[in-house]
Amino acid sequence: MRHRHPYPIKEIARQAGLSEATVDRVLNSRGGVRESTVMEVHQAIKDLDRQRTQVRIGGRTFMMDIVMQAPERFSTAVRNALEAELPSLQPAVMRSRFHFRETGPASALIATLDKIAKRGSQGVILKAPDLPEVGAAVGLLVAAGIPVVTLVSDLPSSARLAYVGIDNRAAGTTAAYLIGQWLGDRPGNVLTTISRGFFRGEEEREMGFRSAIRNTEPHRTLVEVTDSDGLDATQYDLVLDALQRDPSINAVYSMGGGNAATVAAFDDLGRDCAVFIAHDLDHDNTQLLRQRRLSAVLHHDLRQDMRRACQTIMRAHKALPDEGPALPSAIQVVTPYNMPPGA
């Protein structure tokens with residue numbers, strides 16, 4: 001059975017990163033193809049459908065790869081932000097292949113980067129752990145003439161072209177200031193939650209936060225929860241255990257997500273969380289903020305970040321004029337009363 005679609009096989013193959021023969025076999029149901037490959041072809045067609053509605057065909061076309069290790073709620077926010085910004089990049093046309101994973105060994109992510117290096121791309125936007133082997137994979141991409149832009153979490157020792165995101169150390173310091181102001185003279189310790197210790201962005205947030213608390217709130221103990229990958233099921237168990245071990249915890253600084261699970265752990269123990277600072281206005285955090293379960297969210301304009309990342313790749317190909325060094329994205333302190341339109 002032939003699958004109806006408006007795209008040439010060559011375009012679908014390029015979107016999926018597969019051979020034209022493989023795509024032809026899938027579309028004509030000839031068999032002999034792994035189910036995961038069939039899913040890649042159908043996802044490529046869906047991506048082309050979504051992107052076709054956002055941009056007009058015309059101008060120069062750039063094929064990019066978006067590679068991320070992050071909870072699904074954040075990778076979805078990145079996809080939506082990119083697609084919302086596509087019209088602003090006209091007359092250039094940006095085509096994107098998405099490689100999203102919530103967790104897993106670094107070797108799997110590196111295999112994805114190596115495949116892109118061999119297959120070719122005009123740019124990679126990357127959120128990945130800051131590990132030597134990941135840095136080496138970035139080096140191979142750059143050696144193949146593929147510019148790499150890191151997003152949200154940097155790989156400063158790698159050959160990446162640029163980092164787009166906030167000053168994470170300043171964000172951690174801001175969180176410490178807010179918690180100190182809102183807790184005031186009340187006693188209590190602070191729970192800090194990190195998805196994984198090898199994400200540079202979260203590490204820098206933690207360093208900024210710890211340093212500021214040490215200077216301004218030295219009587220408070222920081223209780224760290226880590227290695228949850230920001231996933232609710234894992235986060236809940238880790239937070240529950242931490243709360244049971246320390247009955248004086250009454251504030252949270254979440255650097256890595258899983259905040260609905262953290263709130264649930266407090267509720268199930270009948271504990272009060274006086275101050276809860278989180279990052280990013282994803283779907284979960286927007287709901288929690290509206291429900292007054294979060295005190296504030298440290299937010300940055302993800303659409304602006306994606307636009308800057310795309311423009312950086314375009315500059316690498318001389319499609320836009322060079323500009324000076326990029327400043328970090330602005331940190332917005334969002335409360336239930338100043339949420340951005342459309343959040």
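Using a cutoff of 4.0 Å between basic side-chain nitrogens and carboxylate oxygens, D114 and K118 are not scored as salt-bridged. A salt bridge is absent between E202 and R205; no separation between the charged side-chain nitrogens and carboxylate oxygens falls under 4.0 Å. Comment: R95 does not engage D47 in a salt bridge, judged by the lack of any side-chain N to carboxylate O separation of less than 4.0 angstrom.
A 6.0 Å sphere centred on NE2 of H99 holds more than 12 heavy atoms belonging to other residues, nucleotides or ligands. R34 CZ: 12 or fewer foreign heavy atoms inside a 6.0 Å radius. Remark: Y177 OH is loosely packed, at most 12 non-hydrogen atoms of other residues, nucleotides or ligands lying under 6.0 Å away.
For the pair R315 (side chain) and P321 (backbone), a donor-acceptor distance under 3.5 Å is present. With N250 contributing its side chain and P187 its backbone, the two residues share a donor-acceptor pair below 3.5 Å. Although no hydrogens or angles enter the test, the distance criterion places no donor-acceptor pair under 3.5 Å between the side chain of N215 and the main chain of A212. Not one N or O on the side chain of S121 forms a donor-acceptor pair closer than 3.5 Å with the backbone of M64. Not one N or O on the side chain of S211 forms a donor-acceptor pair closer than 3.5 Å with the backbone of M207. Side-chain atoms of T173 come within 3.5 Å of backbone atoms of R169 as a donor-acceptor pair (strictly under, hydrogens ignored). With hydrogens and angles ignored, the 3.5 Å screen pairs a side-chain donor or acceptor of S153 with a backbone N or O of G201. For the pair D24 (side chain) and E20 (backbone), a donor-acceptor distance under 3.5 Å is absent.
For the residue pair R210 and T192, no side-chain donor N or O sits within less than 3.5 Å of a side-chain acceptor on the partner. Neither side chain, D284 nor N259, offers a donor N or O lying under 3.5 Å from an acceptor on the other.
In this structure, the separation between CG on L48 and NZ on K46 is 12.5 Å, given to the nearest 0.5 Å. To the nearest 0.5 Å, the span separating CG on L27 from OG1 on T22 amounts to 10.5 Å. The CG atom of L238 lies 9.5 Å from the OG1 atom of T262; values are rounded to the nearest 0.5 Å.
Taking 4.5 Å as the limit, some side-chain heavy atom of L183 sits within range of a side-chain heavy atom of R220. Side-chain contact check for I110 versus L131: every heavy-atom pair is 4.5 Å or farther apart. Counting only heavy atoms from C-beta outward, the side chains of P340 and L281 approach each other to under 4.5 Å. Residues Q15 and Y7 are not in side-chain contact: their nearest non-hydrogen atoms beyond the backbone lie 4.5 Å or more apart. Here the side chains of D229 and T234 are not in contact, with every heavy-atom distance at 4.5 Å or above. L89 is not listed as a side-chain neighbour of F62, based on a closest heavy-atom distance of 4.5 Å or more. At a threshold of 4.5 Å between non-hydrogen side-chain atoms, the residues V333 and L298 count as touching. The shortest side-chain heavy-atom distance between T61 and Q122 does not fall under the 4.5 Å cut-off.
For residues 259-283, the pairs satisfying salt bridge (Lys or Arg N to Asp or Glu O under 4.0 Å) are R73-D282, D267-R293, with sequence neighbours left out.
A cation-pi arrangement is absent between R79 and F100 under the rule of less than 6.0 angstrom and at most 45 degrees off the ring axis.
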Apply side-chain hydrogen bond (donor to acceptor under 3.5 Å, both in side chains) to R303 and S88, showing your working.
CA-CA 10 Å; R303 285 183 55 171; S88 73; over 6 Å; no
Pair E203, R200 - check salt bridge (charged side-chain N to carboxylate O under 4.0 Å, His left out), show working.
CA-CA 5 Å; E203 181 184 53; R200 173 64 65 125; 3.7 Å; yes
Test log, rule side-chain contact (heavy atoms from CB on, under 4.5 Å), inputs I146 and R119:
CA-CA 11 Å; I146 301 171; R119 182 194 63 216; over 6 Å; no
Would you check, one step at a time, whether the test side-chain contact (heavy atoms from CB on, under 4.5 Å) holds for D65 with T112?
CA-CA 10 Å; D65 289 88; T112 298; over 6 Å; no
Report the C-alpha separation of I194 and F199 in whole Å, then their side-chain angles, then the decisive distance to 0.1 Å, and conclude whether the side-chain contact (heavy atoms from CB on, under 4.5 Å) test is met.
CA-CA 9 Å; I194 300 173; F199 279 100; over 6 Å; no
Is there a side-chain contact (heavy atoms from CB on, under 4.5 Å) between Y253 and H279 once you walk through the steps?
CA-CA 9 Å; Y253 175 36; H279 277 268; 2.7 Å; yes
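Screening V149, V152, D154, V138 against L126 for a side-chain contact (heavy atoms from CB on, under 4.5 Å) leaves a single residue, V138.
Among all heavy-atom pairs drawn from S295 and P336, the shortest one is O-CD, 4.1 Å.
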